[in-house]
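Below is one structure; the comments refer to it alone.
In this chain, numbering begins with 1 at the start of the sequence shown. Model, not experiment: these values are computed from the prediction.
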Amino acid sequence: MMILVLLCTYTLLQSNAPQDYKQLREKMVIEQLEARGIHHDATLQAMRQIERHLFVPSPYQSYAYEDRPLPIGFRQTISQPFIVASMTQMLDLSKDDRVLEIGTGSGYQAAVLAEIVAQVYTIEIVKELAERTKKLLRQLNYNNIEVVIGDGYQGLRSAAPFDAIIVTAAPEKIPEPLVEQLKDGGKMIIPIGPTKGMQTLKLLKKKKGKLVVQDLMHVRFVPFTRKK
């Protein structure tokens, strides 16, 4: 009986060992992303490469490659892999792009973007979370990510205009400052809807100063937080 217990314990420890994470990432890409229509090569490559478990608190690292959001503290979450990949793919990014992200969170979405584009600016309103994430991204050598603490509703005029904007929290309407800071020909992806309940993920394209809006899917994001 003791031998059986030891064997079971060893098997459990092995299943959560760091050397298994690469295999879990590959499984995530094949079963959660490619099987559901994600085909953008740069997005798939980024999500194969980035160690997602490093972007969640240690109690949740064994769940990092599952198809679900996870808590990251401060009443915030990291989105499920499919949503991260879908939002990235919809922007159709290229290597010379400059991207603004609203809602840094754990930094995972910013890292995915940074593997694809030249520069990522990301704004987080929760100071403690922003500082923690900034430290992590620095440790991981993401020199093309700039973390800014502030109210994302106002965007980042000092670095505008942007080729693309991605919003990872849900306002009830599209923030006008973000529209103004989007390049002509640029794209924005953003969830819009009530704080409680389902929201609609929308893709916005700016053409000659006007917006073309496409509804993509129903989603559920944390509320868009503003400074009081």
Is there a chain of hydrophobic side chains (I, L, V, M, F, W, Y, each step under 4.5 Å between heavy atoms) that links L137 to V148?
-> no

Between the side chains of D67 and Q80, does any donor sit under 3.5 Å from an acceptor?
-> yes

So, do I50 and F55 sit near enough that their side-chain heavy atoms are less than 4.5 Å apart?
-> yes

Identified side-chain contact (heavy atoms from CB on, under 4.5 Å) counterpart of L136 within the set K134, R132, Q139, R138 = Q139

So, D97 side chain and V99 main chain: donor-acceptor pair closer than 3.5 Å or not?
-> no

Do the side chains of L204 and I102 join up, straight or via other hydrophobic residues, at under 4.5 Å, putting them in one cluster?
-> yes

Under-4.0 Å salt bridge between E34 and R48 | yes

Would a distance-only check, ignoring hydrogens and angles, find a side-chain to backbone donor-acceptor pair under 3.5 Å from Q89 to H40?
-> yes

Does the side chain of E124 pick up a donor-acceptor pair with the side chain of T104 at under 3.5 Å?
-> no

Is the number of heavy atoms from other residues, nucleotides or ligands under 6.0 Å of R68 CZ greater than 12?
-> yes

Connected via hydrophobic side-chain network under 4.5 Å: I192 and M87 | no

Determine whether the side chains of T88 and Q109 contain a donor N or O and an acceptor N or O closer than 3.5 Å.
-> yes

Heavy atoms of other groups near K206 NZ, more than 12 under 6.0 Å | yes

Following the transitive rule for hydrophobic clusters with a side-chain heavy-atom cut-off under 4.5 Å over Ile, Leu, Val, Met, Phe, Trp and Tyr, establish whether Y108 and I189 coincide in one cluster.
-> yes

Show your reasoning for whether side chain to side chain contact (heavy atoms under 4.5 Å, CB included) applies to M188 and V179.
-> CA-CA 8 Å; M188 182 193 310; V179 176; 4.3 Å; yes

Show the atom names and distances, to 0.1 Å, of all donor-acceptor pairs under 3.5 Å that link a side chain in residues 208-224 to residues at least two apart or in another chain.
from : atom 1 : to   : atom 2 : distance (Å)
D215 : OD1    : K202 : NZ     : 2.7

Does K183 pair with D163 as a salt bridge, N-O distance under 4.0 Å?
-> yes

Within 45 degrees of the axis of the six-membered ring of F82 and under 6.0 Å from its centre: does R36 put its NZ or CZ there?
-> yes

Do Y65 and R52 have a side chain donor and acceptor closer than 3.5 Å?
-> no

When you look at E146 and T122, which way does the side chain to side chain contact (heavy atoms under 4.5 Å, CB included) test go after all the steps?
-> CA-CA 6 Å; E146 181 176 336; T122 179; over 6 Å; no

Are any side-chain N or O atoms of Q119 and backbone N or O atoms of N144, one a donor and one an acceptor, separated by less than 3.5 Å?
-> yes

